[in-house]
Each structure stands twice: as structure tokens, then as C-alpha cells.
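Computed from a predicted model, the values in this text were never measured in an experiment. Chain identifiers are assigned alphabetically (A, B, ...) following the order of the sequence lines, protein sequences preceding nucleic acid strands; residue numbering begins at 1 within each chain.
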Amino acid sequence: MNDEMRRNMPLFPIGTVTKLTDLTPRQVRYYEQQGLIQPERTNGNQRLFSFNDVERLFEIKSLIEKGINLAGVKEMLQKNHQILEANKEVEKAQAEVVKVKQELSERELRRLLKRDLLHPKLGRTSEVYGEFSRFFRN
DNA sequence: GTTCTAACA
DNA sequence: TGTTAGCA
């Protein structure tokens, strides 16, 4: 069970959430209605909030207290989401660059070893080939 | 006792 | 947004 799963696990009824956040049940339900949070439901249709939901409610509350209306809060949250998604893509691209670099350096190493085997200058060619034979499979 | 939806002074 | 009514 990783952190992501923990943070998204439905745990708290609305009463707990209102005590945590000092928001009213009316506000919490309204924010859900506006699509700012998506708490799970029990079989009996009662809301269950995750840590992520509670954190988001704190964000919403602080923005509201700064005088930002719900439409503004909505925008900021989705902008924030867009930024997070963009960062993910950047990280992916960076990982890809690292991977390509590694592949290139392996090709380079393979080329160098092959050259040395075709033109052996040492008397230990067979041992060298055995050590690095994994580079020649293709 | 708590939470739900819907509606309204 | 607060609050109330009527349910589950």
C-alpha cells in the first residue's frame, strides 16, 4: 500500500471533516456540488472524505478567506492541476533523455570493444570477449 | 445521533 | 450561506 493510495482512501464522515476544517457541512456539500472535491460515498449514501479531500478543503478555505470567490478558487485549483500534470510530463521527458544517453554510451562502448576485438593488441582477447560478450547479442 | 437532499425566510 | 423539514 503506497502513499498515494493512503491519501486517497475514503475515511472521514462529514462531521469529522467539519471539525478539522472549521467549514460548515453546508459549505462542504456545496463545494462538492461545484466539483471542487469528489468524496466517496458509503452504501448508505453518506460521504467519506480522504486525506486529499481534507487537504483540498483547507486550500479552498484559505483561498476563500483571501477574498477569492468560488469561481476563482475553481480556476486556481484546475490551474494547479494543470501545472502538476505538466511537471509529470517534464519528468518523463527528462527520464527519457537519461535513458537515451545511457543507450548511446552502451552503443559507443560496444563499438569500441568490437574494434579492439577485430584488431587485438593484447594477448587476452578470449578473456575480454567472455567478460563483455553481453554487449554483442543482437 | 448523524447525514442526506431539497427548499426558502 | 444559514437554516429548516422530512428521510435513511
Side-chain angles (χ1 to χ4, degrees):
Chain A
M1 170 113 30
N2 57 40
D3 281 5
E4 174 79 3
M5 295 172 67
R6 276 185 252 267
R7 287 194 300 270
N8 286 316
M9 188 167 299
L11 296 173
F12 315 113
I14 196 168
T16 304
V17 172
T18 56
K19 286 176 183 175
L20 252 34
T21 61
D22 278 323
L23 294 167
T24 65
R26 176 80 169 85
Q27 286 175 303
V28 174
R29 294 184 184 115
Y30 183 62
Y31 299 159
E32 180 194 20
Q33 193 178 2
Q34 298 306 308
L36 274 49
I37 50 174
Q38 295 96 27
E40 296 289 317
R41 297 291 182 121
T42 66
N43 296 328
N45 198 38
Q46 297 192 348
R47 274 166 268 251
L48 279 185
F49 299 79
S50 67
F51 281 109
N52 276 342
D53 292 325
V54 176
E55 280 185 25
R56 169 155 291 202
L57 285 171
F58 275 121
E59 295 176 31
I60 295 168
K61 185 189 175 192
S62 93
L63 290 173
I64 292 291
E65 286 173 346
K66 289 175 182 171
I68 298 165
N69 59 35
L70 263 200
V73 172
K74 210 167 179 175
E75 280 186 40
M76 296 191 67
L77 288 180
Q78 75 182 21
K79 296 290 182 194
N80 195 47
H81 181 263
Q82 288 172 5
I83 290 171
L84 290 178
E85 290 300 309
N87 282 341
K88 279 185 187 175
E89 290 195 28
V90 168
E91 285 178 20
K92 259 189 203 173
Q94 288 173 337
E96 188 63 24
V97 167
V98 170
K99 184 184 167 194
V100 168
K101 280 184 178 174
Q102 288 174 340
E103 287 174 353
L104 284 176
S105 63
E106 282 223 0
R107 282 205 197 98
E108 186 69 5
L109 176 57
R110 183 159 30 216
R111 186 181 68 76
L112 292 172
L113 284 168
K114 208 168 199 170
R115 186 199 62 191
D116 286 347
L117 285 174
L118 291 175
H119 309 285
K121 294 167 184 169
L122 302 173
R124 305 171 54 200
T125 303
S126 59
E127 295 98 295
V128 172
Y129 185 86
E131 294 257 359
F132 297 98
S133 61
R134 71 183 183 88
F135 292 112
F136 300 105
R137 294 194 188 119
N138 260 335

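For the pair A:L23 CG and C:dT1 C1', the computed distance is 12 Å after rounding to whole Å. Per the geometry, CG belonging to A:D22 stands 14 Å off P belonging to C:dT1, to the nearest Å. Regarding A:N69, its CG atom lies at a distance of 10 Å from the P atom of C:dT1, rounded to whole Å. In this structure, the CZ atom of A:F49 is 10 Å from the C1' atom of B:dT3, given to the nearest Å. Rounded to an integer number of Å, the gap from A:I14 CD1 to B:dG1 C1' is 15 Å. Atom CD in A:Q33 sits roughly 12 Å away from atom C1' in B:dA7 (whole-Å rounding). Look at CD on A:Q46: it is 16 Å from P on B:dG1, rounded to the nearest Å.
Across all strands, A:G44 comes closer than 4.0 Å to no nucleic acid atom at all (heavy-atom distances). Contact annotation for A:P13: backbone-only contact, meaning every heavy-atom pair under 4.0 Å involves sugar-phosphate atoms and none involves a base.
Remark: A:K19 NZ to A:F12 CZ distance equals 13.5 Å, nearest 0.5 Å. Atom CG of A:L20 and atom CD of A:E55 lie 11.0 Å apart (nearest 0.5 Å). A distance of 9.5 Å separates CD in A:E65 from CG in A:L63, rounded to the nearest 0.5 Å. One finds the CZ atom of A:R111 at 10.5 Å from the CG atom of A:L109 (value rounded to the nearest 0.5 Å).
Contact annotation: A:R26 does not reach the phosphate of C:dT3 (side-chain N/O to OP1 or OP2, under 4.0 Å). Between A:Q27 and the phosphate of C:dT1, there is a side-chain N or O to OP1/OP2 separation shorter than 4.0 Å. Phosphate contact (OP1/OP2 of C:dT1, side-chain N/O of A:T24, threshold under 4.0 Å): absent. Within the 4.0 Å cut-off from OP1 or OP2 of B:dC4, at least one side-chain nitrogen or oxygen of A:R47 is found. The shortest distance between the side-chain N/O atoms of A:Y30 and the OP1/OP2 oxygens of C:dT3 is not below 4.0 Å. Taking 4.0 angstrom as the limit, A:R41 places none of its side-chain polar atoms (N or O) nearer than this to OP1 or OP2 of C:dA8.
Consecutive pairing runs in DNA chain C reach the stem threshold at B:4-8 with C:2-6, where a stem means at least three Watson-Crick or G-U wobble pairs with distances under 3.5 Å.
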**Message:** With salt bridge (Lys or Arg N to Asp or Glu O under 4.0 Å) as the criterion, how do A:R56 and A:D53 come out once you've worked through the C-alpha distance, each side chain's angles and the decisive distance to 0.1 Å?
**Reply:** CA-CA 5 Å; A:R56 169 155 291 202; A:D53 292 325; over 6 Å; no
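For A:E32 and A:R29, the salt-bridge test fails: no basic side-chain N is under 4.0 Å from an acidic carboxylate O.
Heavy-atom neighbours of A:M9 CE from other residues, nucleotides or ligands within 6.0 Å: above the threshold of 12.
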